[in-house]
There are 2 protein chains.
Amino acid sequence: MSDPAIPSPAAESSSSDTATRILDAAEALFVEHGFAATSVRAIAARAEVNLGATHYHFGSKEGLLGAVIHRRVAPINVARLELLAGLEATEPAPGARAVLGAFFAPLRGSGTPAVVPRLMGRLFGEPERISRPLIERQFGETFERFTAALARAMPGVGSQEIRWRFHFAIGAMIHQLRTGAPPATPSDPDAIGQLIEFAVAGIERDPRAPQQEPTP
Amino acid sequence: MSDPAIPSPAAESSSSDTATRILDAAEALFVEHGFAATSVRAIAARAEVNLGATHYHFGSKEGLLGAVIHRRVAPINVARLELLAGLEATEPAPGARAVLGAFFAPLRGSGTPAVVPRLMGRLFGEPERISRPLIERQFGETFERFTAALARAMPGVGSQEIRWRFHFAIGAMIHQLRTGAPPATPSDPDAIGQLIEFAVAGIERDPRAPQQEPTP
DNA sequence: ACCTCATTCAAACGTTCGTTTGAATCCTAT
DNA sequence: ATAGGATTCAAACGAACGTTTGAATGAGGT
């Protein structure tokens with residue numbers, strides 16, 4: 001009666017083809033329809049595995065979601081933190097552009113085109129009961145590390161203000177990841193590059209917030 | 001056998017208390033859990049109405065979602081277009097800040113605190129089959145009008161570039177609407193004001209995109 | 001050869017889903 | 001007062017849901 005939902009540690013990455021096929025199918029369907037609107041049966045059918053296999057390997061539907069997210073997001077956050085560490089090893093206080101570059105760049109060529117981004121976009125749209133623990137576990141450390149780096153890059157801006165600006169930049173990222181190019185735009189030249197430029201401008205702006213002219 | 005899903009036109013706004021209570025309950029639950037994860041039964045229970053009433057008044061669960069969205073979003077887009085029209089009547093080519101102010105300002109005091117924003121945030125997270133038609137119907141005209149106004153405000157920037165930047169600004173808005181303040185920030189001073197500043201900086205930035213320094 | 005144990009499989013579990021039905025009830029205009 | 005349409009109600013429909021079960025199957029070690 002060993003718990004197959006938490007298989008032997010070695011089996012995590014060298015698991016049989018079945019678990020991988022389930023992950024692939026679940027990922028595709030979660031991206032397309034979201035978590036609640038995707039049934040375990042549809043996942044099993046797409047993966048061409050038995051219905052029970054999903055619960056055997058991942059314990060529950062939520063466990064499956066966690067595994068899907070973790071498989072894609074963990075490497076990206078590792079790359080982010082490595083880039084940031086390398087940056088800070090080179091120069092004592094890297095600029096905001098370099099820090100944001102380290103944050104956004106790992107989103108580029110991340111395997112299958114656009115599946116990682118759209119998966120993360122979906123995650124942020126799920127009910128908080130489901131998404132919050134996953135987001136916290138996957139992004140908490142990364143968020144804090146980059147917030148601190150941004151604060152060091154811009155000593156004149158308060159810590160709360162830094163959080164707000166980074167918050168908006170992440171929002172632009174999520175939206176880009178979820179919806180792709182804006183409507184009625186033909187090609188997709190370099191969305192991440194565009195995103196970086198937008199985020200740098202929004203974050204590096206003058207620390208004093210100018211009075212907004214009231215709209216009549 | 002008249003179709004109660006499309007009641008007599010006059011009844012749309014002067015409908016009985018039941019329909020309004022259903023809208024209120026559905027709105028709260030859609031905001032909290034999303035569309036797919038909310039059951040019609042839970043809506044009826046929260047509204048304290050009979051289960052059948054929802055289908056009697058709105059035809060189907062999707063019809064109910066459409067009504068929930070329309071009730072909140074339509075007035076905001078009307079206000080946006082009115083503000084923009086007033087702006088353009090005063091001066092021939094209003095600046096980007098003024099245009100964005102007209103776009104974001106109606107999000108402020110929109111009735112119940114934060115329900116409109118979070119509802120819109122949810123809408124953008126639903127499966128495309130559900131969200132796309134609603135978004136197109138509710139936001140299509142507004143998006144085009146403001147894109148055109150931004151293009152007029154910044155003659156030096158190409159039309160595609162304008163769309164990209166507006167796209168990111170909307171992303172920052174959606175994220176702010178869905179998640180509220182960034183984590184570990186105590187109070188909520190003026191999120192919309194913060195958002196406007198961020199969007200203005202990202203959109204009004206120098207039209208030439210500077211080379212990004214490669215992250216080592 | 002046999003035992004072991006991880007994995008797969010078909011079938012069914014009980015629950016909940018969106019929707020439908022038809023009678024009961026309320027409101028309004030005559 | 002009363003007829004008639006609009007609305008509410010309790011009950012049920014079939015389908016789909018996540019999960020569980022227990023036997024069948026397979027490969028590996030002794």
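Computed from heavy atoms alone, side chains included, the values below leave out hydrogens, waters and symmetry copies. The shown structure was predicted, so the numbers you read here are calculated from the model rather than taken from an experiment. Just so we're on the same page: letters track the sequence lines, and every chain starts at 1.
As a whole-Å value, the separation of B:Phe58 CZ from C:dT20 P is 16 Å. Distance A:Leu51 CG to D:dC17 P: 10 Å, rounded to the nearest Å. As rounded to whole Å, 13 Å separates atom C1' of D:dG18 from atom CD1 of A:Ile130. The distance from atom CZ of A:Arg21 to atom C1' of C:dT8 is 12 Å, rounded to the nearest whole Å. Between the P atom of C:dA11 and the OH atom of A:Tyr56 lies a distance of 21 Å, rounded to the nearest Å. Residue B:Ile22 contributes atom CD1, which lies 7 Å from atom P of D:dT8 at whole-angstrom precision. At whole-Å resolution of the value, CD in B:Glu48 and P in D:dA10 are 13 Å apart. One can place CD of A:Glu62 at 17 Å from P of D:dC17, the figure rounded to the nearest angstrom.
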What do the steps show when you test B:Arg122 against B:Glu27 for side-chain contact (heavy atoms from CB on, under 4.5 Å), and what is the final call? CA-CA 10 Å; B:Arg122 274 272 174 245; B:Glu27 177 177 86; over 6 Å; no
Under the criterion side-chain contact (heavy atoms from CB on, under 4.5 Å), I'd like the reasoning laid out for B:Phe58 against B:Val68: C-alpha separation, chi angles, the key distance, then a yes or no. CA-CA 10 Å; B:Phe58 302 102; B:Val68 166; over 6 Å; no
Taking it one step at a time, do B:Phe198 and A:Phe198 satisfy ring pair (Phe, Tyr, Trp, His ring centres under 6.0 Å)? CA-CA 9 Å; B:Phe198 187 87; A:Phe198 186 87; 5.8 Å; yes
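Note on A:His57: a side-chain N or O is less than 4.0 Å away from OP1 or OP2 of C:dT8. Distances shorter than 4.0 Å separate some side-chain N or O of A:Thr18 from OP1 or OP2 on C:dT8. Dashed line: the shortest gap from a side-chain N or O of A:Ser60 to OP1 or OP2 of D:dG18 is not under 4.0 Å. A close approach under 4.0 Å does not occur between any side-chain nitrogen or oxygen of B:Asn50 and OP1 or OP2 of D:dT7.
In this structure, of D:dT8, C:dT19, D:dT19, it is C:dT19 that holds the atom nearest to the side chain of B:His55. For A:Ser39, the listed nucleotide lying nearest its side chain is D:dG18; candidates were D:dG18, C:dT7, C:dG18. Here the side chain of B:Arg41 is nearest to one of D:dG18, C:dG18, C:dT8, namely C:dG18.
Under a 4.0 Å N-O distance rule, the pair A:Glu141/A:Arg80 does not qualify as a salt bridge.
The aromatic ring centroids of A:His175 and B:His167 lie less than 6.0 Å from each other.
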